[in-house]
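Some notes on the structure that comes next.
Residue numbers start from 1 in every chain, and the chains themselves are labelled A, B, ... in the order their sequence lines are given, proteins ahead of strands. Everything numeric in this text was worked out from a predicted model, so none of it was measured.
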Amino acid sequence: MALNEMQRQAVECTEGPLLVLAGAGSGKTTVLVNRVRYIIEKGLALPWQVLAITFTNKAAGELKERLVKALGEEANEIWAFTFHSCCARMLRRFGERLGYTGHFTIYDTDDQRRVMKHCQKSLGISDKILNHKSIINEISAAKDSLIGVKEYRESSANDFRKSKIADCYELYQKELLKADAMDFDDIIFNAVRLLEENGDVREHYQKQFKYVMVDEYQDTSHAQYVLVSLLAGGYENICVVGDDDQSIYRFRGATVENILSFEQRFKNAKVIRLEQNYRSTQNILDGANAVIANNKNRKGKNLWTAAGAGEKIILNTVNNENEESSFIAQEILKNVENGRKMSDHAILYRMNAQSRNLEITLTKSGIPHKIIGGNRFFDRREIKDIVSYFAVVNNPADNVRLQRILNVPKRGIGSTMAANVMEISTGLGISAFEVCERSDEFQKTLRSAQKLKDFAALIRHFQNFLNDGATLTELLEEIIKETGYFEYLAEDEPESAEDRKNNINELSSMFENYIQEDGDFELSDFLEDVALVSDIDSYNENEDCVVLMTLHSAKGLEFPVVFISGMEEGIFPSSLSVYSTEDLEEERRLAYVGITRAKEKLYLINARTRMLYGTTGRNMISRFIRELPESVTEDITADVYSRQSPVSVGRFGRSGAETIINRSSSSAAGKFGQVNSSPSNTGTVYSVGDTVRHKTFGTGIIISASAMGNDTLLEVAFDRAGTKKLMANFAKLEKI
DNA sequence: CCCTGGCCGCTTTTT
DNA sequence: GCGGCCAGGG
């Protein structure tokens with residue numbers, strides 16, 4: 001593809017800081033590829049002096065692939081990585097500076113949970129008072145802002161809750177260090193520490209990276225921003241590419257401010273906008289532009305295309321989620337009859353929980369499909385068990401994984417004994433593995449000493465087996481054989497044993513692939529992949545099937561035909577977001593991302609009632625549909641009476657939620673008679689300092705109250721849910 | 001030590 | 001609807 005003028009500028013502007021504001025489908029990857037190619041062909045840098053950081057493995061892989069196509073084999077020398085794999089690479093090499101070995105373990109969220117529960121137990125902090133989830137979230141947020149244990153404790157001086165979290169934070173990090181393990185946030189945090197505290201390491205990388213490029217810059221956290229600044233600190237040739245309208249990870253610590261304030265932070269930075277879209281039709285772009293225009297906090301841009309108007313955006317209101325699934329299935333079959341491929345279609349939704357119904361219907365209709373996300377392959381129980389064996393063989397200090405397999409398959413080591421082992425491990429600061437090996441030395445483990453020692457010997461045996469030159473496939477077979485894992489599966493739950501066995505065997509073929517790609521592939525490489533790879537990465541667009549995934553997972557992808565299901569208030573936007581402007585704007589950006597995935601045809605579907613989490617709820621049509629100009633949409637709802645011109649803007653609308661009742665004048669009226677969230681104008685007066693209780697957020701204290709129309713906007717600091725903005729008349733707060 | 005059954009609470013998005 | 005957690009019985 002020939003570059004347009006803006007793209008060409010972005011490619012050739014190689015020196016100094018550069019911000020590329022790239023709209024959806026504006027040829028961002030093309031620019032990145034050509035920029036690297038330009039730098040290398042001009043002789044400005046050697047391949048290994050170029051660092052290109054992306055957010056997902058898929059994006060990194062794609063980038064690398066296209067670079068190899070453009071530049072040949074030498075492109076493999078380019079540092080094209082994700083944040084996490086790039087940092088892991090630096091830490092494997094220099095991690096001893098921070099007290100880690102070169103083969104540290106990466107803990108996923110489940111491992112994290114287990115460690116935290118253990119810490120809470122040790123510290124006597126009940127989950128009922130302070131639940132592990134909020135502790136983990138708070139620690140994670142701290143690390144994203146580069147706040148270490150010490151600083152966190154200092155900031156928590158007079159706050160009981162925070163000081164308890166500080167205790168957990170401290171012990172948690174201690175346990176992780178002892179286990180030679182890092183969680184996702186540690187990987188970034190520690191990489192920054194490594195560079196900040198070690199001048200020689202910093203200089204090493206600053207000298208190496210003549211050019212640094214960052215993709216999806218809108219999704220970077222503060223820690224990632226600092227990391228990038230450090231890495232680019234030598235030459236200051238830093239190019240960041242992003243789209244503030246596609247920032248959808250704020251909830252996880254991403255700060256759009258990184259992009260909004262790039263020009264202040266990097267003086268004399270150039271800014272280039274890419275607004276020409278090469279993906280979608282004008283109708284789809286008009287829709288996307290109209291929706292995102294409702295956001296206040298954005299740089300502002302307008303996508304346009306040289307392609308024609310194309311088909312209109314199809315709107316359909318159905319009665320329930322089953323009708324929704326059937327409609328989608330029928331449309332797909334119709335489209336396929338008319339010459340489309342299965343793989344031209346994607347079904348997107350807000351939450352993974354929505355995929356169930358769709359999957360059942362697609363299966364019934366004989367439509368080949370693949371679900372991305374939900375439960376990851378590596379999150380399956382049997383895979384986690386086997387991977388835990390590998391992990392302990394690789395790193396016996398890995399207490400979490402050791403605990404997982406200590407009694408799986410059952411070998412007579414119960415939970416009491418496991419707890420004793422952990423207690424000694426924490427108390428003496430030695431690994432649980434060592435406690436097992438020396439179990440005859442401790443009073444509390446004496447009773448099961450033989451079993452524990454046998455277990456340790458088993459792990460030693462696997463280590464020797466591997467050291468004697470066994471391949472990973474052979475080790476897998478040895479583990480299955482020696483532990484009797486298949487027999488355990490067959491006994492434990494005969495119904496699913498066969499599936500689980502197949503999954504485990506899938507690991508063998510995975511090993512074969514790895515080895516074919518890279519002859520030096522080792523156990524630790526495998527474990528790193530397990531930790532950092534998600535299944536979107538293995539999504540293969542050449543397979544002819546329909547894909548189902550969340551809107552988040554779909555970022556960066558495109559499809560000729562896109563269905564977005566569940567376009568309903570409370571689903572999308574999520575019910576948890578409608579009280580805060582910031583959260584709502586993020587939902588709207590997510591809608592923007594979703595809409596712009598479609599190249600030719602977009603369907604937006606909403607159901608009047610939907611069964612979710614076991615109960616049926618009624619939802620109004622999503623405000624994002626109402627924000628579309630009528631000129632670009634076509635409503636094919638079967639019973640038209642149900643959709644008159646948009647009247648209310650949802651729960652916030654002056655006219656209130658009842659408007660929906662007026663819409664269904666026929667027999668359906670009964671069904672719609674009761675809308676669950678009508679305003680309850682109780683006339684209660686709230687004032688700052690009041691303690692209140694909310695149905696879902698729990699108890700909290702009002703920290704601000706300001707009049708807004710004939711309602712009051714309250715800001716409430718909840719004990720568990722954080723600070724939320726609520727409208728007094730709608731929130732149904734109970735004063736206590 | 002291990003299994004079962006019942007109850008409770010949650011229920012957004014993911015590198 | 002599901003998974004985690006606990007209590008009680010084998």
Side-chain angles (χ1 to χ4, degrees), chain A residues 53-60 81-88 106-110 112-114 117 126-128 131-134 137 140 143-144 182-188 215-216 219-221 223-224 247-254 348-354 356-357 372-376 379 381 407-408 410-420 447-448 451 491-492 528-529 531-537 549-556 566 570-578 583 586-587 589-591 593-594 611-617 695-698 720-721:
Chain A
I53 302 185
T54 64
F55 216 62
T56 64
N57 292 293
K58 190 175 163 56
F81 292 118
T82 64
F83 271 103
H84 292 270
S85 56
C86 171
C87 292
I106 298 171
Y107 275 181
D108 65 19
T109 29
D110 182 61
Q112 223 178 349
R113 216 191 79 237
R114 287 162 188 260
K117 293 214 142 184
S126 144
D127 211 63
K128 279 169 191 148
N131 72 352
H132 63 274
K133 250 184 163 171
S134 51
N137 281 340
S140 171
K143 288 178 188 168
D144 275 340
M182 298 188 199
D183 64 25
F184 287 132
D185 304 311
D186 284 332
I187 293 176
I188 310 292
D215 193 12
E216 307 281 15
D219 286 329
T220 51
S221 65
Q224 286 166 331
S247 163
I248 54 174
Y249 287 110
R250 199 179 69 98
F251 73 93
R252 210 187 67 199
L348 310 181
Y349 36 78
R350 181 68 236 273
M351 310 174 275
N352 281 310
Q354 289 170 254
R356 248 187 121 89
N357 256 281
I372 312 277
N375 29 354
R376 231 168 47 113
D379 289 338
R381 188 162 57 82
N407 199 32
V408 176
K410 303 221 160 28
R411 47 176 76 91
I413 305 171
S415 57
T416 327
M417 193 50 63
N420 289 345
R447 209 154 42 88
S448 301
K451 289 169 182 164
E491 250 174 64
D492 205 47
E528 180 158 325
D529 267 17
L532 296 179
V533 168
S534 71
D535 44 299
I536 183 97
D537 302 324
M549 67 182 96
T550 62
L551 289 147
H552 281 86
S553 301
K555 196 175 67 157
I571 304 283
F572 188 32
S574 148
S575 56
L576 294 171
S577 71
V578 297
D583 288 348
E586 178 138 314
E587 294 285 305
R589 291 193 291 269
L590 193 55
V593 168
M611 161 98 128
L612 200 63
Y613 304 126
T615 43
T616 303
K695 213 174 131 234
T696 39
F697 298 135
R720 299 203 301 182

Residues which pass salt bridge (charged side-chain N to carboxylate O under 4.0 Å, His left out) with Asp108(A), listed by chain and number, not counting sequence neighbours: Lys384(A)
When you compare the ring of Tyr249(A) with the six-membered ring of dT15(B)'s base, are the centres less than 5.5 Å apart and the planes under 30° from each other? no
If you pin Lys133(A) and Thr550(A) to their nearest nucleotides in DNA chain B, which one's is more 5'? Lys133(A)
Restricting to salt bridge (charged side-chain N to carboxylate O under 4.0 Å, His left out), what partner residues turn up for Arg356(A), sequence neighbours left out? none
Atom-pair distance (CD1 on Ile571(A); P on dT11(B)), nearest Å: 15 Å
P spacing across the pair dG4(C) / dT13(B), given as an integer number of angstrom: 16 Å
Tell me whether Arg252(A) is salt-bridged to Asp144(A), with the criterion being a basic N under 4.0 Å from an acidic carboxylate O. no
Between Asp185(A) (CG) and dT14(B) (C1'), how many Å, whole number? 11 Å
His132(A): what forms a ring pair (Phe, Tyr, Trp, His ring centres under 6.0 Å) with it, not counting sequence neighbours? none
Send over the distance from Arg589(A) CZ to dT12(B) C1', rounded to a whole Å. 15 Å
With sugar-phosphate meaning primed atoms plus P, OP1 and OP2, does Phe55(A) contact a base, only sugar-phosphate, or nothing at under 4.0 Å between heavy atoms? sugar-phosphate
Heavy atoms from C-beta onward define the side chain here; which of dG1(C), dT14(B), dT12(B) lies closest to that of Met611(A)? dG1(C)
Is it the case that the base of dT13(B) and the side chain of Arg252(A) share a donor-acceptor contact (distance under 3.5 Å, atom types as modelled)? no
By salt bridge (charged side-chain N to carboxylate O under 4.0 Å, His left out) - contacts of Arg447(A) (at least two apart): none
In whole angstrom, what separates His84(A)'s NE2 from dT15(B)'s P? 9 Å
Can you tell me the distance, in whole Å, between the CG atom of Asn137(A) and the C1' atom of dT13(B)? 12 Å
Sequence neighbours excluded, the answer for salt bridge (charged side-chain N to carboxylate O under 4.0 Å, His left out) partners of Glu587(A) is Arg350(A)
Identify all pairs in which a protein N or O lies below 3.5 Å from an N or O of nucleotides 1-4 of chain B, and state each distance.
unit_1	atom_1	unit_2	atom_2	d
dC1(B)	OP1	Gly414(A)	N	3.3
dC1(B)	OP2	Thr416(A)	OG1	3.1
dC2(B)	OP1	Gly412(A)	N	3.2
dC2(B)	OP2	Asn407(A)	ND2	3.4

Closest heavy-atom pair, Met351(A) versus Thr550(A), reported as atoms and distance to 0.1 Å, is C-CG2, 4.3 Å
Which nucleotide in the list dT12(B), dT13(B), dT15(B) gets nearest to the side chain of Thr56(A)? dT15(B)
Looking at every strand, decide which applies to Lys555(A) at a 4.0 Å heavy-atom threshold: base, sugar-phosphate, or nothing. nothing
Short side-chain donor-acceptor distance under 3.5 Å, Ser134(A) and Asn131(A): yes
Atom CZ of Arg350(A) to atom C1' of dT14(B): distance rounded to whole Å? 12 Å
For dT14(B), take OP1 and OP2 only and decide whether either is under 4.0 Å from a side-chain N or O of Asn352(A). yes
Can you tell me the distance, in whole Å, between the CD1 atom of Ile187(A) and the P atom of dT14(B)? 18 Å
Can you check the Glu586(A) CD to dT12(B) C1' distance for me, whole Å? 10 Å
Base, sugar-phosphate or nothing for Arg356(A)? Non-hydrogen atoms, less than 4.0 Å. sugar-phosphate
